[in-house]
Structure formats: C-alpha cells, structure tokens
Amino acid sequence: MRKIAGLITAVALTFAMAGAAVAQEYKSPAAATNKAPGKNGGTIYYAYSHETDPLYPRDFKNWNYVNPNAPKGGTYRGWGFGTFDNLNVFNGKGTAAGIGGEPLMTTNADELSVHYGLLAEYLEVPDDAAWVIFRLRDEAKWWDGTPVLPEDVIFSLEKLKAEGSPFYRQYFKNLAKAEKVSEREVRFTFDTGGEINKELPYISGQLPILSRTAWANRDFAATTLEPFMSSGPYRIKTVNSPNFIELERVPTYWGVNLPMNVGQNNFDNMRTDYYGDFQVALEAFKAGDYDFRSENSAIRWATGYESPAVAQGLITKALIPNNLPKDLQGYFINTRKPKFADRKVREALQYAMDFEWMNKTLFYDQYTRLRSYWEKQEYSATGLPTGKELEILTPFKAQLPPEVFTTEYNPPKTDGTGNSRAQLMRAQTLFQEAGYTVRNNRLVNAAGEPLTIEFLLVQADFERLTAPMVQNLERLGVVATIRTVDTSQYQQRLQTFDFDIIVHSQGQSTYPGNEQREMWTCDAAKTENADNMPGVCDPVVDALVEKIISAPDKATLVATTKALDRVLQWGFYAIPQWTVDNYRLAYWDKFGVPETKSKYGVTTGWWIDAEKERRVNAAKAQLRR
C-alpha cells in the first residue's frame, strides 16, 4: 500500500515534514471500533484497517496533534528544486507541480495503516474483500458547488488506468471496475484471481477523485499550465513557470469542518519559489525570501547556517526524530544496459564506494549506511532465511544466487582511512570473473570494448560525493564520468531510462502491496515512466511481488517481503548510500505550533503567529539595511 497524497504541492511535500517541531510528547488517543452491519452483507467501516483497530472513534472532533482553534491567515513560502512545466500531476508527463484530487479516504500522522472517510462517509466490505462500496458524503462538493458523484469516481478510475502514469495502471490493476449503486454510492469489484486481498479496499479509498466535467474537453495525456477544478482546500492562484506557483485557500471548501480537517489548512496562501541551485536556495532562505527548509546536506547543516538571523533567534534550527520508514537511497544501476546485465559487474561496483571514509571526511559522521529496501522495518531481510521465508524461497533455489541462502547481505565496509586497496582488489577479481581484462590501463570486455559509466545527476551537491567513487573506478580502468543536467532534461532521461547510474530514493510503505509491481516487475521495466529505475526483470522477483499482493495474513506478508528484499539485495541493483534518523529543519520563527506531537512527527497543522511574524518582519528590515 502506498499513500497517494490528495493535495500534491512542492509546498506540501516540504512543509509536511516539519511536524510539531517543538511539540510536547506524543499522546495516543483512545482506541475505538468503527464498525456496523452493512445492508449488502458486508461490514460498514468509518475507519478501515485489516491490520489494527483505529485509534480515533467515529465521533472524534479532530486529530490529537492539531490545535482546533488555530487561526487562519497569512502566507507560507517554501522552495522547490529545479522547475516545473506541468500542472497535471496524474499523467506522469514533464515535471509536475500543483494540486491533486481528494481521495475517498485519508490517513493521519498517528497511525499509518488506517484510513478514515474523507469524500466518502464510510465503506462497506464483505469478509472475503471481493468488493467495496463507498458512500459519498452528501456535502462533498467541487469548487463550483456541484456535488461529487459516483460518476466522478467511475470516471477517475477509468481515466487513471487508461491515461494516467504507469504507477496508477499498476497500483489500481486489481480494481476491475467501478459502478454506480445509488445516487451516493459506488461499488468497486476486484479481480484477484480467486485470492483474498484485503488491501484492495485501502487502495480503492486512495483513488484521487477527478471531476469528469472539468476534464470533459481537455487532453488528459498532455502537459498543461492551465489549472483544473478539484474539491480540496487549496486551489492554484498564480502560475509563473518556471519560477513559482502560488495556492490560495478555498473559502467555500466543503470539508472545512470535517474532523480530519479541523486545525489544518491554516495558511491563506502557500507559495513555492523554484531554485536551480541548492546553495543559492540556502542563501535566499537566510535572506528571508522564504520561510522553511528541510536540509538534505550534512555539510550545509554543519556549516551553512551561520548568519545574523540564526544568531538572533529569528531562524530556528531543529533536529526532529524521523519515525517514518526510511527510503533506500542509492546509486541505482540501469540493468537494461547490456554492460550491467552481469550480476558480477554490479557487485564489483559496490566496492568502489568507501562510505566509512566519506562519512568521516565529508558528512561530519552524521549518517549511517543503508542495507535494505525496507530499512529498519519488520520486512528487512537480516541474518539468514529461516521459517516461512525459507519455505517461500526454497522453490526458487536453482534460480537464485547461493548467497541468498548462505550469507547475510551487508554492503562492503572499510576502516575509514581512505585506503581502499583491498576493496578495489575484490572489485578487480569480480570484473575478471565477468570477462573483463585491463589493456592499456582500460578495463575492456572480450570484444575489446571499454567499460564506460556515466553518473547522471540533477543536483550539483552530488558531484563532490560521487567524485571519490569515480576516482576509484578509474583506478580499476573504468572510464567513469559525471554529468549534471537541468531538471527538465533529467526528468526526460529518467522517464525513458536513458542513463547508466543515477542517484535515486526508493520509498516503501508500511504495508507492501500493489505498488511493488511498478517498482520491480518485468512489465514495469519495459514501461516508460515507471518506477522500476534499475530495470529489474527477474521471474523470481515477479513471482514474489504477486505473492506479496496476495498474502493472506500479516505473517505471510512479512516473510514474503523479506524474501523479496533478500533477492533484491543480492541482485546488486543499487549501491546503497546513507540515511539520517532526524529531520534537519530550519524555519523563520513566525509559526504557531500545536502543543501535542504526532506519533510520526508529521503534520500540516502549523499556522502563522501574527505577533511572531511582526517581530520577524521588523528584524528582517533591520538586517537588510
């Protein structure tokens, strides 16, 4: 299961990470059951999870971590990297920004696997989860005041599966059809091949709902800078591509008084300014050109925030624990290229990165090494396969590397001194086993063709981080280069898989399911704009993905996902990089923050504190003199 945001903006994506940065300790709300008998033979759920009971009762007033009396008003300014050229966030074309569609159900920051009705008041699900019926709220309206109808839901499913990005086609693949049941009810029927998949009601509830009227005379597959009608709390006010985009709060938003919206959506305006350089963006922040940033660079965090504004307490720096699942960030290797088809070549490349030296020399010891696609989750493959995981893997034994069964995967490790001779000798041996030899200081294959590798980057920050790896590869005879391109070109090359190696972060959910198809399967490897960046195409992986989707219980899901993680680890599709356990936040001290912290430290419940803003603005004026 992957969470699909109902409101997708560069502002929201950066600001949502803030959480309650100076909030009090997390307090769990009272657990509650949200069930009732359904009229179609199923069970009605006002909050749905097949994994746990919901924390919030049916009659809850607001999320526990917001201030229900938060004032509305003011402007929040954030930043985005690069540029944008498309307001249609659904079709996967160009570089998108803007707003999405509200989903039928929504989640919260106290629990990751429970969905509460948003556009839908409730859902009905039978015991075998073969279908789901959503009852739309009577008050759900588009911005023009017309009701959200079952016809809009049906249109959304059909349009996204037919013309949406590859993600939607894979994610909603098992949603066979949607049909109108009544004036306020819509039914999804699932195609699971006879298997029970209780995740599908979740997935149906995540469907972003589009106005069939708004899209009736528009080309859904084309890029556009013309805003479209939706139903959410914000709409696009100003578009100045490629420089900025500004949203405004919808004063007549239908859902303003729903408990999941109380205390949120507090800014009257939200603007995102785009920068083509991270250092320029930092200097603009320190100059007061925008309000908030989440820092992704160790050296900038350690040395880049020295300024009068920080010294005077006008800018707050905060380390906030990040309890969310970690992405697997790494150098992803494009196995569609014949030169990377051999697993030994990909394994050899692992030895070219000296993380321990980098962490000590470049990162101020702020990072730890990643090793799993489900880092620090219960799905992470550690030790050797045993029990149910071993039972799942054993039928594929002849098709898998022996290390899957005999050795725990861990990335290569050095002593951190920078002397990587032993590492490079191991890499040299692996290259030789793959049929490469060194001639005239160049590593060549049996046909005499040199091994060339281009690291395609979009952030100049990564040039200095990739350079040591390039130097090590050159010592092995590889012709390695770095190429940094602008965001538009980078996006185009990613969508068409025109690269050797890229830096990529592969996010995962807390409940793996349909989204794995777009990440790892042969079908996704052959589909432009899909999320299978390394081009994984392995019948074992395909089989494990389907087993994950059809897992009948949590124990089977965990064991099967561990098996997939282990197979991916030993496939050497990526060179794992690093992670940090905290959000590194910096913001101008103009915000009010809820007193209670959410469990996962993620909330959009901040607001503009008028008195703080006046003080900050006055101080900014003094600093600029």
Hey, are Glu463 and Arg483 close enough for a salt bridge, meaning a charged N less than 4.0 Å from a carboxylate O?
no
Do the rings of Phe355 and Trp578 sit parallel, tilted or perpendicular, given the 30° and 60° boundaries?
parallel
Strictly distance-based, threshold 3.5 Å: is any side-chain N or O of Glu375 a donor or acceptor partner for the main-chain N or O of Ser372?
yes
Is it true that a side-chain atom of Gln569 and a backbone atom of Arg371 form a donor plus acceptor pair closer than 3.5 Å?
yes
Taking the six-membered ring for Trp, are Tyr48 and Tyr202 ring centroids under 6.0 Å apart?
yes
Are the side chain of Asn91 and the backbone of Glu163 linked by a donor-acceptor contact shorter than 3.5 Å?
no
Any carboxylate oxygen within less than 4.0 angstrom of a Lys/Arg side-chain nitrogen, looking at Asp500 and Lys337?
yes
Asn582 (side chain) donor-acceptor with Arg584 (main chain) under 3.5 angstrom
no
Phe167 and Tyr171 aromatic ring geometry - parallel, tilted or perpendicular at 30°/60° bounds:
parallel
Decide if atom NZ of Lys526 counts as having more than 12 heavy atoms of other residues, nucleotides or ligands within a radius under 6.0 Å.
no
With distance as the sole test, does Asn86 use its side chain to make a donor-acceptor pair with the main-chain N or O of Ala96 at under 3.5 Å?
no
Check the side chains of Asn334 and Arg336 for a donor-acceptor pair under 3.5 angstrom, ignoring hydrogens and angles.
yes
Residues two or more places apart in sequence or in another chain: which of them pass side-chain contact (heavy atoms from CB on, under 4.5 Å) with Asp191?
Ala176
Salt bridge present between Arg343 and Glu403 (N-O < 4.0 angstrom):
yes
Output field: ring centroids Trp520/Tyr373 closer than 6.0 Å:
yes
Under a 3.5 Å distance rule, please check whether Glu546 uses its side chain to pair with a backbone N or O of Asp542 as donor and acceptor.
no
Mark yes or no: Arg493 above the aromatic ring of Phe499, with NZ or CZ under 6.0 Å from the six-membered ring centre and no more than 45 degrees from the axis.
no
Taking atom types as modelled, is there a side-chain donor on Asp523 or Gln170 under 3.5 Å from an acceptor on the other?
yes
Do Asp461 and Ser297 have a side chain donor and acceptor closer than 3.5 Å?
no
For the residue pair Ser204 and Leu104, what are the closest heavy atoms and their distance?
O-CD1, 3.6 Å
Regarding Thr382 and Tyr409, is there a side-chain donor-to-acceptor distance under 3.5 Å anywhere?
no
Quick check: does any side chain N or O of Gln350 sit under 3.5 Å from a backbone N or O of Arg346, one acting as donor and the other as acceptor?
yes
Regarding Arg566 and Glu389, does a basic nitrogen lie under 4.0 Å from an acidic carboxylate oxygen?
yes
Between Asp581 and Lys376, does any NZ, NE, NH1 or NH2 come within less than 4.0 Å of an OD or OE carboxylate oxygen?
yes
Can you see whether Phe405 has Lys397 sitting over its ring - NZ or CZ less than 6.0 Å from the centre and within 45° of the normal?
yes
Grab the two heavy atoms, one from Lys360 and one from Gly416, that are nearest each other, plus how far apart they are.
NZ-O, 2.9 Å
Report yes or no: do Tyr583 and Asn322 form a side-chain donor-acceptor pair below 3.5 Å?
yes
